[in-house]
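Whatever order the structure lists ligands and atoms in, that order sets their numbers, starting from 1. Position 1 is the first residue of the sequence, and the numbers go up from there. What's counted below: heavy atoms across the whole structure, side chains too, no hydrogens, waters or symmetry copies. Keep in mind it's a predicted model, so treat the numbers as computed, not measured.
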Amino acid sequence: MTRKARPVSPGTKTSDEIAAMIRVDHAGEYGAVRIYEGQLAVLGARASKTADAIRHMAEQEQLHLKTFDALINERRVRPTALEPVWRVAGFALGAATALMGEKAAMACTAAVEEVIDEHYAGQIERLGDSDPMLKQTVERFWADEIAHRDTALAFGAENAPAYRLLSGAIKAGCRLAIALSTRL
Ligand SMILES: [Fe+2]
Ligand SMILES: [Fe+2]
């Protein structure tokens, strides 16, 4: 017996797709929090403008994470199974770049946010009108992430040692993390 496929109206997203979006966003915001925790473990005691900027971005990431924590619970979305990996990898990436210097720390943020900019922009497009509440949240955070990237560039991210190599490696890592956290 063959079952007829249910017709899907254009612009409607299955709850699986929405769940995957919430899962990967939650994972990403958690990763961001851990990156900044790693950076502040190294630079946090410093009274520099860069350290202040990192503290400010870290506070915003805490808010992003809190929001996705709530969404994960409200919508009963399974969080990524890779949380322990992002816990360690995020912190290590933050600490390692901060140990390379303030500009490298900012290069890390610029690279991460460049990928997140694409990621959130793509989600907003795919969401269409299907989930206005989620879309509004993503749009709000998207604007913050773009501001983070601009801050990082203003603080000399591109003058970090081996900027292109560092940036390329971090972006590749972020894209992999996104692909994995959507599924797992
Ligand atoms: Fe964020
Ligand atoms: Fe950010």
Could you identify the N, O or S atom of His148 positioned closest to the Fe ion (ligand 2)? ND1
Whether the His64 and Glu61 side chains hold a donor-acceptor pair (N or O, under 3.5 Å, no angle test) is what I'd like checked. yes
At a threshold of 2.8 Å, where the distance has to be below it, does the Fe ion (ligand 1) have an N, O or S atom of Glu29 nearby? yes
Heavy-atom count check: over 12 atoms from other residues, nucleotides or ligands less than 6.0 Å from Arg87 CZ? no
Considering residues, nucleotides and ligands other than Gln136, do more than 12 of their heavy atoms fall under 6.0 Å from its CD? no
May I ask you to test the Tyr30-Phe68 pair for a side-chain heavy-atom distance under 4.5 Å? no
The Fe ion (ligand 2) and Glu113: any N/O/S contact shorter than 2.8 Å? yes
Report the atom name of the nearest N/O/S atom of His64 relative to the Fe ion (ligand 1). ND1
Nearest N/O/S atom of Glu145 with respect to the Fe ion (ligand 2), by atom name, please. OE1
Residue Glu61 atom name (nearest to the Fe ion (ligand 2); N/O/S): OE2
When you check the side-chain N and O atoms of Thr109 and Tyr36, is any donor under 3.5 Å from an acceptor? yes
